[in-house]
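Structure first, then comments.
Only a predicted model underlies this, so the values are computations on that prediction, with no experimental measurement involved. Naming convention: chains lettered A, B, ... in sequence-line order (proteins, then strands); numbering from 1 in each chain.
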Amino acid sequence: MAITGIKGFNDILPGEVEKWQRIEATARRVFEIYGFSEIRVPIMEKTELFSRSIGDATDIVEKEMYSFTDKGENRVTLRPEGTAGVMRSFIEQKLHVLDPVTKLYYMGPMFRYERPQKGRYRQFHQIGAEVVGVTNPRIDAQVLIMLCHFFQELGLTEPTLQINSLGCPECRPLYRAALKEYLEQRREELCDDCRRRMETNPLRALDCKVPGCGVATKDAPSVLDHLCQGCDDHFAAVRRHLDVTKTPYSVNHRMVRGLDYYTRTTFELVTGLLGSQSAVAAGGRYDGLIEELGGPKLPGIGFAMGVERVALLLSGEGFARVPDLFIAAHGEAAGDEAFRLMTLLQGEGFRVELDYEGKSLKSQMRRADKLGARFTLIIGEDELATGQGMLKAMADGSQVALPLAASPLAAALSCS
RNA sequence: GUGGCUAUGGUGAAGCGGUUAACACUUACGACUGUGACUCGUACAUACGUGGGUUCAAAUCCCACUAGCCACCCCA
C-alpha cells in the first residue's frame with residue numbers, strides 16, 4: 001500500500017495551481033498599491049502566543065490546534081491563523097519605531113485540526129493584511145475598500161461585504177449582559193446549543209442556524225444600540241467613508257467573531273456559493289491585542305481570506321500555459337537541429353516544446369495540438385538540406401518556409 | 001467530537017447472486033497525406049477500498065474496519 005497524504009492536507013496540482021498563482025499575484029499587486037509590504041513569519045510559534053491572542057476559551061485554542069512539545073521541551077503550535085505571528089514579530093522587531101503606521105500583508109498555510117469538508121481543510125491557506133498604528137476610522141474604510149478592490153480585480157462580484165461593530169471593552173460587557181437577559185426570557189424557544197452558548201458566548205446565539213433560534217432572537221437587542229459614544233461615532237464614520245466612496249456593503253448587527261481580540265469594526269465577505277462555508281474573508285479591528293501581547297499600546301486592524309474559498313469561487317480551471325512553438329523533427333539530425341533551435345528560442349523567452357523520444361511525425365503533431373502550441377516548426381531531411389523549416393500556424397493550418405535560425409523564427413512567433 | 005452518504009481502471013461511470021467486469025474520456029501505437037483537430041483500427045481492471053461472513057456461486061447480500069465527501073460544532 002503506497003503512503004498517502006494526511007487527512008485534510010491537500011495537493012494543489014498543475015491546472016489548479018494557476019488559479020492560486022493568480023490569486024496571490026493579484027493580492028500582491030493590489031495590496032502594494034495601498035502601501036502594504038509583505039512580511040514572512042514562521043509557521044510555528046510558541047503555543048502561548050495563540051492562547052493569549054486568540055483567546056483561551058475559543059474553539060481554535062481549545063480543540064483545533066496542532067500543538068506538540070519539541071525536543072527542547074518547548075510547547076509549540078502550527079499557526080492556526082496569521083495575525084498572532086505577525087503581531088509577535090511586529091513587537092519583537094520593534095517595527096513601530098521605524099514608522100508610526102505599519103501596513104503588512106502575508107500569505108501562507110495555516111493549520112487547524114477540524115473535520116475537513118467543502119472549503120475547509122486541516123492545512124489551509126490564508127492571505128491577510130494588517131495595519132498597526134491608526135485609530136482613525138478612515139483606515140477601517142481603506143482596508144475594506146482594498147479588500148473589495150482585490151475581489152474586483154479577480155472579476156468576482158459574489159462575495160458581498162457585511163460590517164458590524166462589536167464595541168469596545170467599555171460597552172461590550174453591557175451589551176452582552178443585555179443580550180443574555182433577553183435570551184434568558186426566551187430560554188424555552190432556544191436550541192440546546194444556544195442554551196449552552198448563553199453562558200459561554202451569548203452573541204453566538206445570534207447567528208445560530210436553527211430556525212427556532214432565528215425566530216426567538218428576531219427582536220433581540222442589537223449591539224449597535226449599545227455602543228458607547230466613541231464606538232458609535234467610529235462606526236458611523238466608517239459607514240460614511242464607505243458611502244462616499246460608493247463601496248457597497250450591508251450592516252449585519254448579528255455578525256459575530258470567533259477570535260476574542262476583535263473590537264469595534266468587524267466585517268466579513270460572504271457568499272452563498274460555498275455550502276455552509278459562507279465566509280470568504282473576514283477581519284476587524286483589534287485595538288487591545290498588541291498591548292495584550294506585551295507590545296506598545298497601538299491599535300490594529302486586519303483581515304484574512306481563505307485562499308481555498310476564493311479559488312472555489314473562481315469559475316472553471318486555471319488554464320495551463322500554452323507553448324508558443326512546438327518543434328517537430330523527423331530523423332536524428334533534424335532532432336539535433338530542433339534541440340539547438342529550441343534552446344536558442346528559449347533563451348529569447350519563448351515557450352518551446354519538442355518530442356524527446358524520437359516519435360513519429362504524426363505523434364509529434366498530435367502532441368503539438370494537445371499542448372495547444374500556437375505554431376509548429378517542422379524539420380525533416382529536406383528542410384535540413386535547404387536550411388528552411390516549415391512553420392505551421394496551428395489555428396488555420398497555413399504554412400510558410402522560414403530559415404532555421406533564431407531571429408526569423410522569433411520574428412514570426414512575435415507577430416500575430 | 002457527532003451525524004448522513006459513498007467506495008469498481010489514470011478519469012467519469014455501467015453492473016442489482018452465475019457476464020470474457022459494459023460504455024465514454026484519457027494515454028500509446030497505427031490507417032487516411034512526411035503535417036494535429038474529424039473519422040476508423042488496435043492496446044490498456046487475474047480486478048471491483050481492506051478484512052471477515054452467507055452461498056454450489058459475491059463487484060453484486062451481511063458485518064467490521066479504513067478512506068473520501070457533505071453536514072453539525074466552529075471557522076477563512
Side-chain angles (χ1 to χ4, degrees), chain A residues 1-2 4-8 10 13 15 54 57-64 79-83 107-128 147 159 191-194 196-197 200-201 204 207-210 255-259 267-271 274-284 302-313 326-331 334 355 357 359-384 389-399:
Chain A
M1 188 62 180
T4 58
I6 303 171
K7 183 204 269 287
N10 300 126
L13 303 175
I54 299 169
T58 58
D59 277 30
I60 295 179
V61 172
E62 270 186 355
K63 50 188 201 194
E64 296 174 359
R79 61 182 185 192
E81 59 102 38
T83 302
M107 52 184 71
M110 307 292 161
F111 304 85
R112 254 121 95 159
Y113 193 88
E114 302 181 88
R115 276 287 265 276
Q117 67 189 70
K118 188 183 179 73
R120 162 190 289 178
Y121 310 98
R122 288 185 173 178
Q123 178 182 120
F124 62 104
H125 298 77
Q126 288 189 335
I127 299 178
L147 195 49
C191 69
D192 292 347
D193 280 331
C194 285
R196 183 174 51 76
R197 287 179 183 123
T200 58
N201 189 351
R204 290 236 163 273
D207 67 350
C208 181
K209 286 165 189 152
V210 176
M255 192 172 77
V256 178
R257 285 286 65 152
L259 287 68
F267 51 89
E268 274 180 21
L269 272 98
V270 298
T271 175
L274 259 40
S276 68
Q277 263 61 248
S278 57
V280 177
F303 64 81
M305 69 177 100
V307 181
E308 283 82 357
R309 294 181 183 180
V310 177
L312 248 19
L313 289 179
F326 188 96
I327 307 182
H330 189 65
D355 158 63
E357 313 288 355
K359 290 186 175 168
S360 70
L361 188 61
K362 168 192 284 301
S363 282
Q364 296 185 54
M365 291 304 295
R366 275 193 187 149
R367 184 158 172 76
D369 184 57
K370 174 95 200 308
L371 294 174
R374 289 163 51 230
F375 291 97
T376 301
L377 178 68
I378 298 154
I379 311 175
E381 275 148 43
D382 300 349
E383 285 79 7
L384 232 37
M390 295 303 292
L391 186 72
K392 177 166 185 167
M394 299 302 275
D396 60 9
S398 63
Q399 299 192 164

Residue matched to B/U55 through Watson-Crick or wobble contacts both under 3.5 angstrom: none
Sugar-phosphate, base or nothing in reach of A/Ser360, heavy atoms under 4.0 Å: sugar-phosphate
Gap between atoms CE and P, on A/Met255 and B/C74 respectively (whole Å): 16 Å
Touch class at under 4.0 angstrom, heavy-atom based, for A/Ser363 against every strand present: sugar-phosphate
Distance in angstrom units between A/His125 NE2 and B/C75 P, rounded: 21 Å
Side-chain touch A/Ile378/A/Met365, heavy atoms, less than 4.5 angstrom: yes
Side chain A/Arg309 and base B/C75 donor-acceptor under 3.5 Å: yes
Contact under 4.0 Å: A/Arg204 side-chain N or O vs B/C75 OP1/OP2: yes
Touch class at under 4.0 angstrom, heavy-atom based, for A/Gly128 against every strand present: nothing
Sugar-phosphate only, base, or nothing, as touched by A/Leu259 at under 4.0 Å among non-hydrogen atoms: sugar-phosphate
Among A/Lys118, A/Gln126, A/His125, side chain to side chain contact (heavy atoms under 4.5 Å, CB included) partner for A/Glu308: A/His125
Atom pair distance, as rounded to whole Å: NZ in A/Lys63 and C1' in B/C75: 11 Å
B/G15 and B/A57, which share atom name P, separated by this distance in whole Å: 26 Å
N-glycosidic conformation, B/C16 - syn within 90 degrees of 0, else anti: syn
B/A28 and B/C38, which share atom name P, separated by this distance in whole Å: 14 Å
C1'-based separation of B/U66 from B/A43 [nearest Å]: 34 Å
Any side-chain heavy-atom pair of A/Leu147 and A/Met305 under 4.5 Å: yes
Salt bridge A/Glu268-A/Arg257, side-chain N to carboxylate O under 4.0 Å: yes
Phosphate contact (B/A71 OP1 or OP2) by A/Gln117 side-chain N/O below 4.0 Å: yes
Sugar-phosphate only, base, or nothing, as touched by A/Ile379 at under 4.0 Å among non-hydrogen atoms: base
Which nucleotide in B/C75, B/A71, B/U35 has an atom nearest any side-chain atom of A/Arg112: B/C75
Protein-nucleotide distance (A/Arg367, atom CZ; B/U35, atom P), rounded to Å: 18 Å
Base-pairing assignment for B/C75 (Watson-Crick or G-U wobble, both under 3.5 Å): none
Sugar-phosphate, base or nothing in reach of A/Gly283, heavy atoms under 4.0 Å: nothing
Candidate pair A/Glu64 and A/Asp59, rule side chain to side chain contact (heavy atoms under 4.5 Å, CB included), full reasoning: CA-CA 7 Å; A/Glu64 296 174 359; A/Asp59 277 30; 4.0 Å; yes
Same-atom distance (P) from B/G49 to B/U8, integer angstrom: 6 Å
B/G9 - base-pair partner by Watson-Crick or wobble geometry, distances under 3.5 Å: none
B/C69 and B/G30, which share atom name P, separated by this distance in whole Å: 41 Å
Nearest-Å distance for atom pair CD1/P, residues A/Ile6 and B/G68: 11 Å
Spacing of the C1' atoms in B/G17 and B/U50 (rounded, Å): 22 Å
Sugar-phosphate only, base, or nothing, as touched by A/Glu383 at under 4.0 Å among non-hydrogen atoms: base
Touch class at under 4.0 angstrom, heavy-atom based, for A/Asp59 against every strand present: sugar-phosphate
Partner nucleotide, any strand, of B/C69 [Watson-Crick/G-U, under 3.5 Å]: B/G4
Pair partner, B/G30 [Watson-Crick or wobble, under 3.5 Å]: B/C40
Complementary nucleotide of B/A64, counting Watson-Crick and G-U pairs under 3.5 Å: B/U50
For atom NZ of A/Lys392 and atom P of B/G36, their distance in whole Å: 6 Å
Short side-chain to backbone donor-acceptor contact, A/Glu357 and A/Lys359, under 3.5 Å: no
Sugar-phosphate only, base, or nothing, as touched by A/Ala368 at under 4.0 Å among non-hydrogen atoms: nothing
A/Lys118 side-chain N/O to B/C69 phosphate OP1/OP2 under 4.0 Å: no
A/Arg122 to A/Tyr113 six-membered ring, cation-pi geometry met (6.0 Å, 45°): yes
Contact nearer the 5' end of RNA chain B, comparing A/Gln399 with A/Lys370: A/Lys370
A/Arg366, nearest nucleotide to its side chain (from B/A76, B/G1, B/A37): B/A37
P spacing across the pair B/A76 / B/A59, given as an integer number of angstrom: 49 Å
Separation of B/U2 P from A/Glu114 CD (nearest whole Å): 16 Å
Contact check, side chains of A/Asp355 and A/Phe326, non-hydrogen atoms, under 4.5 Å: yes
Whole-Å distance separating the CG atom of A/Asp369 from the P atom of B/G36: 9 Å
Inter-nucleotide C1' distance (B/C63, B/A21), Å rounded: 25 Å
